[in-house]
Protein chains: 2
Amino acid sequence: MARKQKRRSRCPIAFSLDCFGDRWSLLVIRDMVFKGKCYFGEFLTAGEDIATNVLADRLERLEDAGIITRRRDPEKGTKIVYGLTDRGIDLVPLLLELIAWSGRHDPGTAAPRKFLRELESNRDELARRTIRNLRERQAAEPQR
Amino acid sequence: MARKQKRRSRCPIAFSLDCFGDRWSLLVIRDMVFKGKCYFGEFLTAGEDIATNVLADRLERLEDAGIITRRRDPEKGTKIVYGLTDRGIDLVPLLLELIAWSGRHDPGTAAPRKFLRELESNRDELARRTIRNLRERQAAEPQR
DNA sequence: CCGGATCCGTTTCGATACTG
DNA sequence: CAGTATCGAAACGGATCCGG
């Protein structure tokens, strides 16, 4: 199915919300980054409950945006494996800021204390380590 | 009108998308942070085009979330002035990460080169300066 | 005029059921 | 397991109206 393209007007200090201006995309990315999830079924159970059709749509959208990859698992023939592209991995600092803000201001959302403490005291190092781990996990195939 | 409350389940590495999981909220906040906008009418024209009812809803939502304030302009009696709370100002680093990522990966969104360069080379200082400016502008009344 | 509120057609979302 | 199909509910967006 063809994807609907919404054109946004330009703006001096600009950013793209095409991939983040919804309730689910960042949660899916977070599951990949911080929980190592990579299967459709894992996203269904790991995060909050997202409907299957919505998940399918977000995955397709993220793939179109060049943030994730989608391919067949070479081992188990039936499974589909989703992975992060470089562009997706580069979202780590953004995710960390989001976690940090939520940790500071949203009493409901509780990332582990230890994580939050390291985040506040040594953000850049935490980002580098997270990214390094991700790259190791996905080192297999060439990303665009 | 009562606000609809969606309860999200908890998650190990968590963040709240209640205020950001939509197309407009972050744009409004950006207009306040980087363009000094504070009037209803300014948000209508300054950003991309948002419908008046949607804008009203987002402003109310952001106020409920403690991110912005809403009060009468003491000078011009009729006008309403919107301002950022501390919690709102604390979103600056997140906004900067979003701008940085978009600058790196989204060819369409073009923040000024100079801004992007400083962002990449000296992010923390840029954040501090931005926040300081904001506080000066809003120093008038006590925030929460 | 400014800051919305209301109405209404259209689009998108989301829960469930179903399929290869 | 990895998604479609369906369909009602909600959100959006445009236009218009309204109180101060």
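By convention in this document, chain letters (A, B, ...) are assigned in the order of the sequence lines, proteins followed by strands, and residues within each chain are numbered from 1.
At the phosphate of D:dC12, OP1 or OP2 sits under 4.0 Å from a side-chain N or O atom of B:Arg58. OP1 or OP2 of C:dC13 lies within a sub-4.0 Å distance of a side-chain N or O belonging to A:Arg61. Taking only side-chain nitrogens and oxygens, A:Tyr39 never comes nearer than 4.0 Å to OP1 or OP2 of D:dG3. Considering only side-chain N and O atoms, B:Trp24 lies nowhere under 4.0 angstrom from the phosphate OP1 or OP2 of D:dC12.
Which of D:dG13, C:dG14, C:dG3 sits closest to the side chain of A:Val54 comes down to C:dG14.
Separating the CG atom of A:Leu59 from the C1' atom of C:dC13 is a distance of 16 Å, rounded to the nearest angstrom. Note: CZ (A:Arg70) to P (D:dC1) measures 16 Å, nearest angstrom. Atom CZ of A:Arg23 is separated from atom P of C:dC13 by 12 Å (rounded to the nearest Å). The CG-C1' distance, from A:Asp57 to C:dA15, rounds to 15 Å in whole Å. One interatomic measurement links the two molecules: CG of A:Leu27 to P of C:dC13, which rounds to 14 Å at whole-angstrom precision. Rounded to an integer number of Å, the gap from CD of B:Glu60 to P of C:dT6 is 12 Å. Spacing between atom CG of B:Leu44 and atom C1' of C:dC2 amounts to 10 Å, rounded to whole angstrom units. Atom CD1 of A:Ile80 and atom C1' of D:dG3 are 9 Å apart (whole Å).
Heavy-atom distances to DNA chain C give each of A:Thr52 and A:Asp22 a nearest nucleotide, and the one nearer the 5′ end belongs to A:Asp22.
The pair A:Arg23-B:Asp18 counts as a salt bridge, with a side-chain nitrogen and a carboxylate oxygen less than 4.0 angstrom apart. Salt bridge B:Arg123/B:Glu97: present, at least one basic N to carboxylate O contact under 4.0 Å.
Scanning atom types as modelled, one donor and one acceptor separated by under 3.5 angstrom connect the side chain of B:Asn53 and the base of D:dG14.
Atom CD of residue A:Glu118 and atom CD of residue A:Glu125 lie 7.0 Å apart, to the nearest 0.5 angstrom.
A donor-acceptor contact shorter than 3.5 Å is absent between the side chain of B:Trp24 and the backbone of A:Gly21.
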message = Please evaluate residues A:Thr85 and A:Ile68 with respect to the criterion side-chain contact (heavy atoms from CB on, under 4.5 Å), reporting the C-alpha separation (whole Å), side-chain torsions for both, the decisive distance (0.1 Å), and the verdict.
response = CA-CA 5 Å; A:Thr85 63; A:Ile68 67 175; 5.6 Å; no
